[in-house]
Asks: 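Below is one structure. I have some questions about it.
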Amino acid sequence: MLIRVTEAQPVANPSNISSAKPLRLVVLASGFGSLLQSMLEMLDTAKVEIVAVGSDKDCPALERAQKLQIPTFKVPFDAEAKKDRTGWDLRFLEAVSAYSPDMIVSAGFMRILGESFVEAFKDRIINTHPALLPSFPGAHAVLDALDYGVKVTGTTVHVVDTGVDTGPILAQEPVVVERDDTVETLHERIKVVERRLLVDVLHSIADRGMDRDGRKAYLK
Ligand code: GRF
C-alpha cells in the first residue's frame with residue numbers, strides 16, 4: 001500500500017478544527033444510506049456539516065439527502081466510465097471539489113476511489129468497513145467473516161489510501177458472531193455499532209483532529 005507520510009503530522013484541516021466553523025463534509029454513498037441517515041440524525045451540526053452527498057448511481061442514500069434538501073450529485077459509473085476510468089475519476093474529483101470539503105466520508109460507497117482523487121484529498125478521506133481490518137477487506141466482508149467461521153468480527157473506520165480497505169486505522173469495535181447469524185442479521189448488528197462509531201470519530205476529528213505517523217493513524 002501507498003503511504004508517503006513518515007513523520008507525525010496533522011491529517012485533518014487544522015485551521016478548520018481550531019475555528020468555530022463546522023467541518024465541511026461530503027458523504028459518498030451507493031446504497032441504502034443508513035450510515036448517512038445516522039450522520040444526519042446524530043452529527044452535531046455545530047461541529048460537522050454535511051454540505052453534499054454524492055454517488056455513482058441513483059440510490060436510496062441520495063433520496064434521503066434530497067428529501068432534506070441537502071445538495072446531491074451523481075457521476076454515473078456507466079459504460080463510458082468503464083471505458084475511460086481516468087475520465088470518470090476526473091469528473092468525480094470535480095464534482096466533489098465543487099463543495100470545498102474539509103473531509104470526505106465514504107459511507108457505503110461501493111467504488112474504489114482513483115489515485116488522483118485520493119491524492120487530491122490526501123489524508124482527508126475516511127471509510128467505514130463492516131469487519132475488523134485487515135481481516136476481510138473488500139465488498140463481501142460480512143459473508144467472508146461468516147464463511148471463515150470467526151467468532152468475533154466488527155467494524156473499522158480508516159483513512160483511505162489507494163488500496164482496497166488498506167489505509168491507516170482510526171477506530172475499531174468488535175461484534176460477536178452468533179451461531180445462527182446470516183449475512184443480514186450479522187450485518188445489521190455491525191451497522192448499529194458502525195453508525196455510532198462513525199459519528200464518534202467525526203466529532204472527535206472536528207474537536208481535536210487526527211495524526212498519522214506512517215502506517216498508524218490516531219484520533220487526538
Ligand atoms: C456499511 O456496512 C458499510 O460499511 C458497507 O456498506 C454498508 C452501507 O450501509 N461498505 P448503508 O447503505 O449505509 O445502510
Side-chain angles (χ1 to χ4, degrees), residues 25-43 48 50 52-68 70 72-78 81-82 92 103-113 125-161 163-204 219:
L25 200 69
V26 166
V27 178
L28 308 179
S30 311
F32 185 58
S34 70
L35 286 169
L36 169 67
Q37 188 68 42
S38 63
M39 284 187 273
L40 291 167
E41 287 169 9
M42 291 157 64
L43 278 175
V48 185
I50 297 178
V53 177
S55 187
D56 55 334
K57 61 180 186 182
D58 289 318
C59 58
L62 280 189
E63 288 165 25
R64 286 178 198 266
Q66 282 154 1
K67 272 190 199 139
L68 294 168
I70 292 168
T72 61
F73 60 91
K74 183 180 68 175
V75 184
F77 199 86
D78 50 17
K82 281 179 196 144
F92 199 70
M103 298 273 313
I104 296 155
V105 173
S106 160
F109 185 64
M110 301 312 279
R111 207 150 287 290
I112 306 298
L113 294 165
I125 314 167
I126 63 174
N127 178 51
T128 170
H129 183 74
L132 293 175
L133 294 169
S135 294
F136 312 119
H140 308 289
V142 181
L143 174 65
D144 293 345
L146 265 184
D147 280 352
Y148 198 91
V150 293
K151 303 299 179 242
V152 177
T153 183
T155 180
T156 302
V157 179
H158 66 93
V159 180
V160 171
D161 66 7
V164 179
D165 302 320
T166 51
I169 292 167
L170 278 169
Q172 293 186 298
E173 279 194 28
V175 172
V176 171
V177 181
E178 306 291 349
R179 186 176 181 141
D180 57 355
D181 261 331
T182 61
V183 170
E184 290 71 32
T185 60
L186 180 56
H187 199 171
E188 190 45 46
R189 281 210 315 291
I190 292 171
K191 281 197 199 181
V192 170
V193 179
E194 193 175 15
R195 293 173 191 130
R196 184 193 35 76
L197 187 65
L198 176 60
V199 168
D200 287 351
V201 165
L202 288 168
H203 283 160
S204 174
L219 294 169

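None of the values given here were measured: they were computed from a predicted structure. Along the sequence shown, the residues carry numbers beginning at 1. All heavy atoms count here, side chains included; hydrogens, waters and symmetry mates do not.
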Asks: To the nearest 0.5 Å, what is the distance between CE on Met42 and CG on Asp200?
Replies: 7.0 Å
Asks: Quick one: list whatever passes side chain to side chain donor-acceptor pair (under 3.5 Å) with Gln66, sequence neighbours left out.
Replies: Thr72
Asks: Among all residues two or more places apart in sequence or in another chain, which pass the side chain to side chain donor-acceptor pair (under 3.5 Å) test with Thr155?
Replies: none
Asks: Could you work out, with side-chain contact (heavy atoms from CB on, under 4.5 Å) as the rule, every residue matching Ser106, not counting sequence neighbours?
Replies: Phe109, Asn127
Asks: Go through the structure and list residues passing salt bridge (charged side-chain N to carboxylate O under 4.0 Å, His left out) with Asp181, not counting sequence neighbours.
Replies: Arg189
Asks: Can you list everything that forms a side-chain contact (heavy atoms from CB on, under 4.5 Å) with Ser135? Sequence neighbours excluded, please.
Replies: none
Asks: Shortest non-hydrogen contact from Leu202 to Val48?
Replies: O-CG2, 3.9 Å
Asks: For Thr128, enumerate each residue passing the side chain to side chain donor-acceptor pair (under 3.5 Å) test, keeping only those at least two apart in sequence or located in another chain.
Replies: Glu194
Asks: Can you name the side-chain contact (heavy atoms from CB on, under 4.5 Å) partners of Leu68, sequence neighbours left out?
Replies: Leu40, Ile70
Asks: Taking side chain to side chain donor-acceptor pair (under 3.5 Å) as the test, write out the residues that go with Gln172, two or more places apart.
Replies: Thr156
Asks: Work out which heavy atom in His187 is nearest to a heavy atom in Pro130; give both atom names and the distance.
Replies: NE2-CB, 3.8 Å
Asks: Please report the closest heavy-atom contact between Ala171 and Val201, naming both atoms and the distance.
Replies: CB-CG2, 3.7 Å
Asks: Return a table of donor-acceptor pairs under 3.5 angstrom between the side chains of residues 28-38 and protein atoms on other chains or two or more places apart.
Replies:
unit_1 : atom_1 : unit_2 : atom_2 : d
Ser30  : OG     : Asp56  : OD1    : 3.0
Ser30  : OG     : Met110 : N      : 2.9
Ser34  : OG     : Arg195 : NE     : 3.3
Ser34  : OG     : Arg195 : NH2    : 3.0
Gln37  : OE1    : Arg64  : NH1    : 3.0
Gln37  : NE2    : Glu41  : OE2    : 2.9
Ser38  : OG     : Leu35  : O      : 2.7

Asks: Distance from Asp78 atom CG to Lys57 atom NZ, nearest 0.5 Å?
Replies: 13.0 Å
Asks: Mind checking salt bridge (charged side-chain N to carboxylate O under 4.0 Å, His left out) for Asp58 and listing every partner two or more places apart, or none if nothing turns up?
Replies: Lys74
Asks: List the residues meeting ring-ring contact (aromatic ring centres under 6.0 Å, His included) with Phe136, not counting sequence neighbours, and say none if there are none.
Replies: Tyr148
Asks: Please give me the minimum heavy-atom distance between Val175 and Val193, naming the atom from each residue.
Replies: CG2-CG2, 3.8 Å
Asks: At their closest point, which heavy atom of Pro137 faces which heavy atom of Asp144, and how far apart are they?
Replies: O-OD2, 4.3 Å
Asks: Kindly compute the distance separating OG1 (Thr153) from CD1 (Ile190), expressed to the nearest 0.5 Å.
Replies: 4.5 Å
Asks: Within this structure, what is the CG-CG distance for the pair Leu170 and Leu198, rounded to the nearest 0.5 Å?
Replies: 10.5 Å
Asks: Between Leu43 and Leu25, does a side chain to side chain contact (heavy atoms under 4.5 Å, CB included) hold up when you go through it step by step?
Replies: CA-CA 11 Å; Leu43 278 175; Leu25 200 69; 4.2 Å; yes
Asks: Which residues satisfy the salt bridge (charged side-chain N to carboxylate O under 4.0 Å, His left out) test with Glu173, sequence neighbours excluded?
Replies: Arg196
